Amino acid sequence: MAFEFKLPDVGEGLHEGRLVEWLVRAGDPIAVDQPFARVETDKAIVELPSPVSGSVQTLHFKPGDVIAVGQTMITFGDGGATAAALTAPVSGKSAVDAGKSPVSEMVAAVLSPGSAPPVMAAFPGRAVATPHTRSLARKLGVDLARVTPSGKGGRITDEDVISASAPSNQASAPPQPPPAPVAIPAASARPAPPPSPGVVAGMAGVGEEIEEVPLTHLRKVIAQAMSHSKHTSAHVTHVDEADVSELVAWYKKAKQRIEADGRTKFTILPIFMKAAVTALKAHPFLNAVFDEPNGKILLKKFYHLGIAVDTPEGLMVPVVKHVDRKDMVALAGELVDLAGRARERRVTLDELRGGTFTITNVGAIGGVFATPVIHQPEVAILGMHAIKDRPAVVDGQIVIRKMMYVSLSFDHRIVDGLEAARFMTDFVELIQNPDLLMMRLL
Amino acid sequence: MPRQVIFEGRIENLSILDKDGQVDKKLEPKLTRDQLTGMYRLMVMMRKFDEKALNLQRQGRIGTYGSLRGQEAAQAGIAFNLTKTDWVVPSFREHGVMMALGLPMHLIYAYWKGDERGNIVPPDLRILPASVPVGSQLVHAAGLGMAMRLKDEPSVVVGFAGDGATSEGDFHEALNFAGVFNARTVFFIQNNQWAISVPRKRQTAAESIAQKALAYGIPGIQVDGNDVLAVYAASKAAVEHARSGKGASLIEAVTYRMGDHTTADDQKRYRDPDDIAYWLARDPIDRFRKYLVSKKMWTDDNDAALAAEMTAMVEDEVKKLESMPAPTPVEFFDHMYETLPWNLREQREAFAQGDRS
Amino acid sequence: MSARTTDKTQKLTLVQAVTDALQCAMREDPSIIVLGEDVGLNGGVFRATDGLFKEFGADRVIDTPLAENGIVGSAIGLAIGGFRPVAEIQFTGFVYPAVNQIFAHAARYRNRTRGRYHVPLVVRMPYGGGIHAPEHHSESYEALMVNTPGLQVVIPSTPYDAKGLLISAIQNNDPVIFMEPKKIYRSFREDVPEGVYHVPLGKANVVKEGRDVTVVSYGAMMRPSLEAQEFLARENISVEVIDLRSLVPLDIDTLIASVTKTGRLVVVHEAPRSCGFGAELTALVNDKALVHLLAPVERVTGYDTIFPYAILEHHYLPDRERVVAGIRKTLDF
């Protein structure tokens with residue numbers, strides 16, 4: 001077994017070393033602890049001894065080259081016996097990294113738009129209130145933007161929130177003063193007054209009629225990502241309808257053949273993925289990223305489709321890379337694997353990154369159609385709904401057909417309605433006419 | 001008599017073997033063949049351990065390491081006088097003393113790999129962990145020596161430091177406390193001539209470090225630190241002095257740090273190659289081998305067999321090191337206090353659950 | 001909370017309670033020794049070790065050379081060697097030379113040896129101002145100690161607590177920095193039980209229950225805090241006053257329960273404000289009770305200055321007026 005020797009940090013906190021000379025040549029035998037190279041660092045010239053015995057297979061650098069710490073500099077042959085013990089280097093972060101659960105990072109990476117969440121400057125017109133008052137308003141369902149402040153510096157007080165929440169408090173009615181507290185505090189001390197009847201009704205339920213569910217980390221991340229997306233993109237949803245009777249028949253026939261081996265599982269989704277990519281190639285602005293700070297739109301020439309997967313703890317979006325380069329059977333296999341591992345939280349961070357467009361299957365449970373939220377920093381997301389038998393008009397006759405709604409949410413900042421409509425028309429035509437899809441597949 | 005001498009001091013230097021292994025018959029300690037060859041084995045073991053440590057560091061398998069090369073006689077000479085109930089209070093270069101008393105080598109390697117578990121000394125040993133703040137451990141040695149005296153335990157405490165540490169206040173406070181309280185402590189200074197790049201003459205204008213003992217009212221002696229017989233003899237006297245309740249003393253072992261300060265250092269920047277050649281000719285192991293050979297106690301064949309044995313032992317210890325299971329990161333919370341307060345429990349819990357906020 | 005109290009009590013000052021604690025503990029456990037400057041025949045410059053030398057002798061009440069680093073360093077050696085040393089630093093302002101031993105060694109032994117060695121050591125030090133002492137005699141370094149993982153930091157404010165906390169500290173198996181408020185060493189007496197009893201480390205004392213605002217303090221600053229409570233009670237302002245008693249471990253539950261109830265917190269300490277313990281308490285309330293706050297946390301503290309010489313010190317130290325002003329600030333927010 002070959003053993004790759006990576007340049008270690010031979011000083012304290014060094015990052016690179018310059019190869020002074022090799023003390024061995026390729027093909028030479030090598031013994032444990034036999035020096036094989038001299039390397040100059042910021043601190044000294046050091047001789048590096050071999051950790052294994054065997055032979056020298058490859059010298060990866062020439063004298064004078066600068067080698068980064070961690071780069072393979074030499075490969076030894078027949079060093080397997082000793083090499084096994086050497087997999088865990090002493091320096092660096094390996095021990096901590098090993099113990100690190102990547103789940104939260106993976107989720108954060110896939111659902112948030114990249115680096116740090118944007119720092120909010122003071123929102124113009126945002127209500128001024130203490131955290132306590134905000135929390136009270138949330139419990140009572142009071143929108144602080146609609147409350148008239150009576151506190152110092154335009155601050156909304158607890159009393160303002162309580163008044164605003166009272167059922168009798170219509171816009172025309174004057175705010176009700178809170179009832180006098182039983183123990184009269186000093187004028188300067190304003191502890192929260194006893195709640196009004198409305199508050200009691202609103203709060204007494206916690207523990208009895210209201211169950212408090214703590215947020216999981218995944219849920220927090222999803223919440224952040226969703227509201228970020230809604231604050232960022234100008235969402236518009238275009239809905240269309242497709243008659244997929246032919247496609248379903250075509251799919252069923254193919255499925256029988258493909259699944260005949262008893263191992264492969266073939267779903268319909270890969271067909272939609274292929275159709276989407278085919279349409280995306282014709283409408284590149286939907287496979288793009290809006291780089292607002294730099295005043296650019298980046299059109300992606302690769303097709304990595306995010307596929308929204310429901311997991312017991314919430315939504316995850318693993319990415320199928322290079323959809324245009326894979327056949328539908330391969331895609332089906334990849335989907336089964338990715339979705340399964342997403343549900344078990346075993347997808348890697350890389351498998352959650354880098355999507356250029358997303359497909360979400362929103363019709364599994366029911367409903368007519370839904371408006372999906374764009375997966376930042378992409379610019380569009382395609383919602384596929386349930387295929388149902390519905391009456392349709394074909395050649396002037398009402399007939400029962402396999403019908404399906406498709407919805408496309410797109411970022412109106414960079415995609416106009418017309419462009420979105422063209423994409424959808426194209427896509428619908430592709431899934432209505434499998435023959436056409438075949439002809440246009442690249 | 002308005003002006004009279006109230007104190008006169010005198011410091012001896014003890015040397016028994018010269019650089020070519022010729023012994024001073026009058027001073028030669030009475031040691032058996034087994035004891036003498038045992039000392040030699042110890043020194044060879046230290047050197048093999050040390051050579052391997054440097055290789056492990058260059059291979060990225062342990063971290064920064066401080067070599068003891070050249071100081072084997074000093075460490076073997078004192079260690080040979082100690083038992084498991086004696087206390088070793090090391091600085092950070094006393095790997096030789098530690099292994100001589102039975103500390104498994106792989107634990108010493110583990111310490112230098114950056115693993116606190118290397119400091120979990122077996123329960124039958126009284127070795128404190130390496131102390132990085134220079135000289136600060138000497139005060140612990142004084143306190144431990146006070147403890148042994150207060151409990152009237154016949155255990156001796158040896159506090160180790162280098163020549164640089166004698167410039168720290170801790171050295172002086174430790175000697176002072178040990179003197180005042182009749183502590184059962186031997187202060188063993190390995191004067192290896194260099195505190196990283198600063199030579200011994202920049203640490204003190206005094207002729208010797210040993211003479212500093214006199215100011216604190218305790219005996220002091222300078223020995224040839226590369227002469228294991230001289231170190232042994234001086235240490236024997238100092239250890240017996242402490243064990244019998246007579247109090248503390250100071251030994252200055254004059255030796256030489258053959259290597260860099262640590263693997264993060266390059267001694268070529270500040271040392272004269274001639275200097276190294278001078279000390280190479282005074283290598284403690286070569287010198288002692290010549291002595292043993294002249295006494296017909298040792299042969300080249302013995303030497304080859306010993307080298308092979310020690311290499312195998314060191315390799316075995318490296319295997320033990322590398323088969324230690326990785327520590328779980330939460331361990332760094334677990335030993336902050338006997339009982340963890342809420343904040344550490346909370347941080348530990350969050351850490352264990354992967355919450356990196 | 002008492003382990004073995006007799007029914008008998010005696011009226012003691014805080015410093016007498018410290019002596020009493022040492023005496024009771026030393027009678028029970030021969031491994032407890034006291035060491036420091038002037039602690040022997042002289043009984044300590046504040047007489048905190050008065051009479052101990054006579055009873056226990058020079059081997060257990062040890063007058064050391066004048067070297068703080070040596071005192072704490074040798075105490076670490078004694079602790080590892082089987083004793084429970086109680087080291088005295090004459091004034092907190094003199095602790096700097098010993099900081100290397102406290103921070104680099106006492107605090108770390110257990111962790112760095114993964115439990116193989118530990119240091120059952122108490123370092124007593126009178127702290128704080130208000131006694132018209134010379135320079136370097138009035139400092140409050142509790143935040144330095146709190147910021148050093150591995151130490152416990154205990155500060156009593158009453159004779160009863162001083163004795164019970166010191167006995168708990170001595171019997172604890174990890175290092176404890178025991179800071180004694182010398183301004184109130186002799187300012188009042190209270191009934192202190194005879195014999196050994198414990199006040200546990202990490203349990204705060206709600207000295208006064210209240211409804212409108214929580215005042216948290218410790219040591220000598222409990223005095224102005226309680227005076228402020230009394231003063232404002234006349235205006236029908238209900239102040240809850242909490243004596244932390246130990247900063248590490250900290251009784252977080254009592255703190256958060258109180259702040260959740262009152263919605264307002266004023267922290268009072270005489271140490272400088274920036275990165276003082278009040279900053280930590282503010283951060284903790286931010287972590288655990290932010291939504292319950294009706295006003296920002298207020299800190300009434302010493303200033304970020306060198307502690308002034310004697311004739312100006314009363315301008316530096318928080319007093320009743322400053323605590324009252326701090327409370328009003330949170331009420332008027």
Side-chain angles (χ1 to χ4, degrees), chain B residues 87 89 111 115-123 126 128-133 135-151 153 155 157 159 168-170 172-174 176-181 183 185 327 331-344 346, chain C residues 31 33 35 59-60 62-83 85 97-98 100-101 103-105 107-120 149-152 172-175 201-202 246 248-253 280 284 287-288:
Chain B
W87 291 87
V89 184
Y111 172 83
D115 187 338
E116 283 92 341
R117 292 176 301 176
N119 287 336
I120 307 176
V121 172
R126 290 172 147 185
L128 298 194
S131 174
V132 171
S136 57
Q137 71 281 0
L138 294 175
V139 204
H140 308 167
L144 270 166
M146 289 164 70
M148 295 306 105
R149 203 267 297 160
L150 290 171
K151 291 161 107 176
E153 252 193 61
S155 294
V157 183
E168 294 275 5
D170 295 82
H172 300 274
E173 294 189 26
N176 194 37
F177 270 61
V180 169
F181 296 113
T185 306
E331 282 175 27
F332 61 64
F333 292 101
D334 289 341
H335 300 283
M336 282 308 303
Y337 300 92
E338 186 172 47
T339 310
L340 289 193
W342 68 270
N343 51 320
L344 279 169
E346 195 177 278
Chain C
S31 76
I33 55 176
L35 72 165
D59 277 355
R60 292 188 66 193
I62 303 171
D63 269 327
T64 65
L66 208 164
E68 286 75 14
N69 188 55
I71 292 168
V72 177
S74 61
I76 291 169
L78 284 159
I80 291 172
F83 288 91
N100 188 33
Q101 290 296 340
F103 289 10
H105 289 297
R108 298 169 67 108
Y109 256 108
R110 180 186 289 280
N111 182 275
R112 62 203 281 263
T113 64
R114 293 296 188 250
R116 173 66 176 80
Y117 295 109
H118 62 274
V119 179
L151 300 179
Q152 297 165 101
N172 190 282
N173 283 331
D174 289 304
L201 310 186
S246 72
V248 180
L250 176 70
D251 185 350
I252 187 73
D253 294 340
E280 177 59 22
L284 287 172
D287 285 350
K288 296 181 184 297

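To find a chain, count down the sequence lines: A is the first, B the second, and so on, and within it residues start at 1. In this text the structure is predicted, and so the values were computed from the model without any measurement.
By the 6.0 Å contact criterion, CZ on C/Arg112 is enclosed, its count of non-hydrogen atoms from other residues, nucleotides or ligands being greater than 12.
Within the 3.5 Å criterion, the main-chain N or O of B/Ile120 finds no donor-acceptor partner in the side chain of C/Arg114. At distances below 3.5 Å, not a single donor-acceptor pair connects side-chain atoms of C/Asp174 with backbone N or O atoms of B/Tyr337.
Using a 4.5 Å heavy-atom cutoff, the side chains of B/Glu346 and C/Lys288 are in contact. Side chains of C/Asn69 and B/Asp170 form a contact here, defined as non-hydrogen atoms less than 4.5 Å apart. Residues C/Ile80 and B/Leu144 are in side-chain contact: their nearest non-hydrogen atoms beyond the backbone lie under 4.5 Å apart. In this structure, the side chains of B/Phe333 and C/Pro149 stay at 4.5 Å or more apart for every pair of heavy atoms.
Note: B/Pro133 leads B/Pro341, B/Ala183, B/Ala178, B/Pro133 in heavy-atom pairs under 4.5 Å with chain C. Heavy-atom pairs under 4.5 Å with chain B peak, among C/Gly70, C/Gly82, C/Gly81, at C/Gly70. Between chain C and the options B/Glu331, B/Glu153, B/Arg117, heavy-atom pairs under 4.5 Å are most frequent for B/Glu331.
Judged as a side chain to side chain contact (heavy atoms under 4.5 Å, CB included), and not counting sequence neighbours, the contacts of C/Phe83 are B/Ala147, B/Leu150, B/Lys151, C/Ile33, C/Leu78, C/Pro85. In this structure B/His335 satisfies the ring-ring contact (aromatic ring centres under 6.0 Å, His included) test with no other residue, sequence neighbours excluded.
If you measure heavy-atom distances from C/Ile71 to chain B, the contacts under 4.5 Å come from both the backbone and the side chain. Both the backbone and the side chain of B/Leu128 come within less than 4.5 Å of a heavy atom of chain C. Using a 4.5 Å cut-off between heavy atoms, C/Asp63 contacts chain B through its backbone alone, with no side-chain atom that close. Looking at B/Ser155, there are no atoms closer than 4.5 Å to chain C (heavy atoms on both sides), in backbone or side chain. Contacts between C/Asn173 and chain B at a heavy-atom distance below 4.5 Å involve backbone atoms as well as side-chain atoms. Looking at B/Glu116, the atoms closer than 4.5 Å to chain C (heavy atoms on both sides) sit in the backbone and in the side chain alike. Looking at C/Ala75, there are no atoms closer than 4.5 Å to chain B (heavy atoms on both sides), in backbone or side chain. With a 4.5 angstrom heavy-atom cutoff, B/Phe181 touches chain C only via side-chain atoms. Both the backbone and the side chain of C/Ile252 come within contact range of chain B, judged by heavy atoms closer than 4.5 Å. Within the 4.5 angstrom heavy-atom criterion, only side-chain atoms of C/Val248, from C-beta onward, approach chain B. The part of C/Ile62 that comes within reach of chain B is its side chain, from C-beta onward, which places non-hydrogen atoms under 4.5 angstrom from that chain.
For the atom pair B/Met336 CE and C/Leu151 CG, the distance stands at 8.0 Å (nearest 0.5 Å). Residue C/Asp253 holds its CG atom at 8.5 Å from CH2 of B/Trp342, rounded to the nearest 0.5 Å. In this structure, the separation between CE on B/Met146 and OG1 on C/Thr64 is 8.0 Å, given to the nearest 0.5 Å.
With salt bridges taken as basic N to acidic carboxylate O contacts below 4.0 Å, one links B/Arg149 and C/Asp59.
Closest heavy-atom contact between B/Val180 and C/Pro65: CG2-CG, 4.1 Å.
Counting only N and O atoms by type, the side chains of C/Asn172 and B/Glu338 include no donor and acceptor under 3.5 Å apart. Using modelled atom types and a 3.5 Å distance limit, the side chains of B/Gln137 and C/His105 yield no donor-acceptor pair.
In this structure, C/Tyr117 and B/Trp87 have tilted ring planes: the angle between them lies in the 30° to 60° band.
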